[in-house]
Amino acid sequence: MASVKLNAPSSRWIGGGRSLNRRFAFRTEISRAATIRAGSYTEELLQTAKSIASPGRGILAIDESNATCGKRLASIGLDNTEANRQAYRQLLLTTSGLGEYISGAILFEETLYQSTIDGTKFVDCLRGENIVPGIKVDKGLVPLPGSNSESWCQGLDGLASRRTVVSIPCGPSALAVKEAAWGLARYAAIAQDNGLVPIVEPEILLDGDHAIERTLEVAENVWAEVFFYLAQNNVVFEGILLKPSMVTPGAEHKEKASPETIAKYTLTMLKRRVPPAVPGIMFLSGGQSEVQATLNLNAMNQSPNPWHVSFSYARALQNTVLKTWKGQPENVETAQKALLIRAKANSMAQLGRYSAEGENEEAKKGMFQKGYTY
């Protein structure tokens, strides 16, 4: 989960000084407000959500922890130091023209307070591109007692947010589904009460050899619970964003689904479970290759949807960028061009106009690793 705010000094960020993980929320400043359930922030929430869910744009997720960022740096032979993390994040966040395709960027706590080498705050770099900054606001996973080896996310004290991981091969257990839904609803309500637009994301792991029909069944169950508890907590649906995984077969399933099939099953789930009042559905890429994630998103936008169907990608925007950069200063400009290529491709997919013609082989390579969803 993430929280974002525009035009505010660092000291006014909610969740500042905490160990943060994968709950997100966005915030902007405006001068007027409506007086309904979300209180004085309601109009602000709606404006921020609408800004994120703008045509042809989506979210760049660079909210990985320092440990995870270190693994990515290690893949190109770099040590996991703050200087190297800062250099890579500077490459991403100073890419000129990125705001044409990216409306929001989810940051890790360290990144929120970092600056470029010349002293420009990363948050200000984003604002200059009309990109809304976001931040993680939860505290990480711990085992969920009584479940099928599933986990829940700590953090409803402070700015609460929980992320419960639902496992399809192991169940999923009713306990984990309820814990996920209730924790997300409480997180969303608390975020809105503080003027933050929450990104609601129950995690459904991709591990397993199950068919796509089984994924659909589990996803419908999870999202039915989520919206039941969101309503019970009086969350304003117009002031949230969703971050679901696509409905796909299990990663080890023998038959791979086409983009058209994935789009059919995913949109079926959304139409059965997600109210049209929700402004944006920002999909995670779920370990798909860069091209596959873009093709699937494009397939979902071949006909009108009641929501803005877009992306919140991490690896599916950064894989080629990282391998192009290689930690070498002389490669920064080329790597930034690679980021713009991927961002534009997904922008076109959000508009339903993407073609994979001309994509390089690196972008077509799968990236699935057991135990992760985005």
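Side chains are part of it too, since the values below use all heavy atoms of this structure and drop only hydrogens, waters and symmetry mates. The chain is numbered in sequence order, starting from 1.
- Using modelled atom types, no side-chain atom of Asp209 and backbone atom of Glu252 make a donor-acceptor pair closer than 3.5 Å.
- Evaluation of the side-chain hydrogen bond (donor to acceptor under 3.5 Å, both in side chains) rule for Thr248 yields no partner, not counting sequence neighbours.
- Within the structure, every pair that satisfies the ring pair (Phe, Tyr, Trp, His ring centres under 6.0 Å) test and touches residues 314-354, not counting sequence neighbours, is listed here: Tyr88-Trp325.
- Among residue pairs with one or both ends in residues 344-358, none qualify as salt bridge (Lys or Arg N to Asp or Glu O under 4.0 Å); sequence neighbours excluded.
- Within the 4.5 Å cutoff, the side chain of Ile62 has heavy atoms near those of the Leu107 side chain.
- Scanning for salt bridge (Lys or Arg N to Asp or Glu O under 4.0 Å) contacts around Arg57 gives an empty result, with sequence neighbours left out.
- For Thr268 (side chain) and Lys264 (main-chain N/O), a donor-acceptor pair under 3.5 Å exists by modelled atom type.
- Using a 4.5 Å heavy-atom cutoff, the side chains of Ile281 and Pro244 are in contact.
- Residue Lys71 qualifies as open at atom NZ: its count of foreign heavy atoms under 6.0 Å is 12 or below.
- In this structure, Val332 and Thr94 have side chains that are not in contact, with every pair of non-hydrogen atoms separated by 4.5 Å or more.
- Listed by chain and number, the residues in a side-chain hydrogen bond (donor to acceptor under 3.5 Å, both in side chains) with Thr116 are Asp118 (sequence neighbours excluded).
- Looking at Gln292, its side chain never comes within 3.5 Å of a backbone N or O of Ser289 through a donor-acceptor pair.
- A side-chain hydrogen bond (donor to acceptor under 3.5 Å, both in side chains) with Thr111 is found for one member of Arg89, Gln86, Glu64 and no other, namely Arg89.
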Exercise for review: Please assess Glu82 against Arg85 for the test salt bridge (Lys or Arg N to Asp or Glu O under 4.0 Å), listing each intermediate value before the final yes or no.
Suggested key: CA-CA 5 Å; Glu82 183 176 356; Arg85 294 192 299 269; 5.0 Å; no

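- In this structure, CG on Leu339 lies 12.5 Å from OG1 on Thr334, to the nearest 0.5 angstrom.
- Within the structure, ring pair (Phe, Tyr, Trp, His ring centres under 6.0 Å) contacts touching residues 228-261 (residues at least two apart or in different chains) are Trp182-Tyr229, Phe227-Phe237.
- Rounding to the nearest 0.5 Å gives a distance of 11.0 Å between CD1 of Ile135 and CD of Glu110.
- In this structure a side-chain-to-backbone donor-acceptor pair under 3.5 Å is present from Asn80 to Asn66.
- Listed by chain and residue number, nothing satisfies the ring-ring contact (aromatic ring centres under 6.0 Å, His included) test with Phe122 (two or more places apart in sequence, or in another chain).
- Partners of Gln328 under the side-chain hydrogen bond (donor to acceptor under 3.5 Å, both in side chains) rule, at least two apart in sequence or in another chain, do not exist in this structure.
- Taking a 6.0 Å sphere around CD of Gln302, one finds it holds more than 12 heavy atoms contributed by other residues, nucleotides or ligands.
- Listed by chain and number, the residues in a salt bridge (Lys or Arg N to Asp or Glu O under 4.0 Å) with Glu260 amount to none (sequence neighbours excluded).
- From Lys50, atom NZ reaches atom OG1 of Thr48 across 12.0 Å, with rounding to the nearest 0.5 Å.
- For the side-chain contact (heavy atoms from CB on, under 4.5 Å) criterion with Val236, the lone passing option out of Val197, Leu45, Leu46, Leu230 is Leu46.
- Applying the side chain to side chain contact (heavy atoms under 4.5 Å, CB included) test to Ala263 and every residue at least two apart in sequence or in another chain returns Ala299, Met300.
- The shortest side-chain heavy-atom distance between Tyr101 and Arg342 does not fall under the 4.5 Å cut-off.
- No side-chain heavy atom of Ser312 sits less than 4.5 Å from a side-chain heavy atom of Leu284.
- With respect to Glu225, the side-chain contact (heavy atoms from CB on, under 4.5 Å) criterion is satisfied by exactly one of Lys178, Arg273, Glu220: Lys178.
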Exercise for review: Verify side chain to side chain contact (heavy atoms under 4.5 Å, CB included) between Ile199 and Met282, making sure each step is shown before the conclusion.
Suggested key: CA-CA 9 Å; Ile199 299 183; Met282 321 300 287; 5.7 Å; no

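- The side-chain heavy atoms of Thr68 and Phe108, taken from C-beta on, include no pair separated by under 4.5 Å.
- By the side-chain hydrogen bond (donor to acceptor under 3.5 Å, both in side chains) test, Thr266 is found to be paired with no residue, residues two or more places apart in sequence or in another chain being considered.
- Contact of the Phe311 side chain with the Ile102 side chain is registered, since non-hydrogen atoms from C-beta on lie closer than 4.5 Å.
- Residues forming a salt bridge (Lys or Arg N to Asp or Glu O under 4.0 Å) with Asp124 (at least two apart in sequence, or on another chain): Arg127.
- Remark: side-chain polar atoms of Asn130 are not paired, donor with acceptor, to backbone N or O of Gly99 under 3.5 angstrom.
- Atom OG of Ser115 sits about 9.5 Å away from atom CD of Gln90, to the nearest 0.5 Å.
- Asn305 places no side-chain N or O within 3.5 Å of a backbone atom of Asn301 that could act as its donor or acceptor partner.
- Glu290 pairs in a side-chain hydrogen bond (donor to acceptor under 3.5 Å, both in side chains) with only one of the listed residues (Asn346, Thr320, Asn319), which is Thr320.
- Here the CD atom belonging to Gln336 is positioned 5.0 Å from the CG atom belonging to Leu91, to the nearest 0.5 angstrom.
- Within the 4.5 Å cutoff, the side chain of Thr42 has no heavy atoms near those of the Glu238 side chain.
- One finds the CG atom of Asn194 at 8.0 Å from the CD1 atom of Ile190 (value rounded to the nearest 0.5 Å).
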